[in-house]
Amino acid sequence: MTAVIDSRWSDALALDRRRAPEFYTAGSKVAAGAHAEAIRFALDELGLSAVSCINGVPTIGFLSDSLVSIGRIDELHRILWNQGLMSLLLVIRDDQLTAYSGCPQETENSAR
């Protein structure tokens, strides 16, 4: 089970004031809607700690786990990117916050 987001990060990121349908945490009830399955998948199947939505669209995934391996982070990042589920994955490990972009990276060849 994924840990809840540490109160230091929750306060720093002003997450404690956010509620559904803007912000869902692990164990939250997700009401039916266009993106409900994606939110449930991220929380229940992938084990994310929280999902932040913009205009109802899941946009930022949060993983709060001080012991998470780089391999697991890579796996989550790859799944979120491949499925087009989120634009950003924020990984919280103790006193460190790392952001992983879910947007396709432009390569030299794709810029042409």
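- Closest heavy-atom contact between I70 and R93: CD1-NH1, 3.9 Å.
- Taking the side chain to side chain donor-acceptor pair (under 3.5 Å) definition, one finds that S87 meets it with nothing, sequence neighbours left out.
- Residue N55 places its CG atom among 12 or fewer non-hydrogen atoms of other residues, nucleotides or ligands, all under 6.0 Å distant.
- Nearest approach of I73 to L89, heavy atoms of both residues: O-CD2, 4.4 Å.
- Closest of all the heavy-atom pairs between A31 and A36 is O-CB, 3.3 Å.
- Applying the side chain to side chain contact (heavy atoms under 4.5 Å, CB included) rule to S66 yields the partners D94; only residues at least two apart in sequence or on another chain are considered.
- Remark: F23 engages F62 in a ring pair (Phe, Tyr, Trp, His ring centres under 6.0 Å) (not counting sequence neighbours).
- When all heavy atoms of M86 and L48 are compared, the pair lying nearest together is CE-CD1, 4.3 Å.
- With sequence neighbours left out, H77 forms a ring pair (Phe, Tyr, Trp, His ring centres under 6.0 Å) with Y100.
- Counting only residues at least two apart or on different chains, the salt bridge (charged side-chain N to carboxylate O under 4.0 Å, His left out) pairs with a member in residues 9-20 are R18-E22.
- Between Y24 atom OH and I39 atom CD1 the span is 4.5 Å, to the nearest 0.5 Å.
- Of all the heavy atoms in S64 and I5, the pair that sits closest is OG-CA, 3.7 Å.
- L76 has its side chain out of reach of V91: every pair of non-hydrogen atoms, C-beta onward, lies at least 4.5 Å apart.
- Counting heavy atoms from C-beta on, the side chains of F41 and L85 come closer than 4.5 Å.
- In plain terms, the two heavy atoms of V57 and H35 that are nearest each other are CG2-NE2, 3.7 Å.
- Applying the salt bridge (charged side-chain N to carboxylate O under 4.0 Å, His left out) test to residues at least two apart or on different chains, the pairs with a partner in residues 38-51 are E37-R40.
- For I54, the side chain to side chain contact (heavy atoms under 4.5 Å, CB included) partners two or more places apart in sequence, or in a different chain, are T59.
- Scored by the side chain to side chain donor-acceptor pair (under 3.5 Å) test, T25 finds S28 as partners (sequence neighbours excluded).
- For E75, the side chain to side chain contact (heavy atoms under 4.5 Å, CB included) test picks out R72, R78, I79, with sequence neighbours left out.
- R8 pairs by the side chain to side chain donor-acceptor pair (under 3.5 Å) definition with D6, not counting sequence neighbours.
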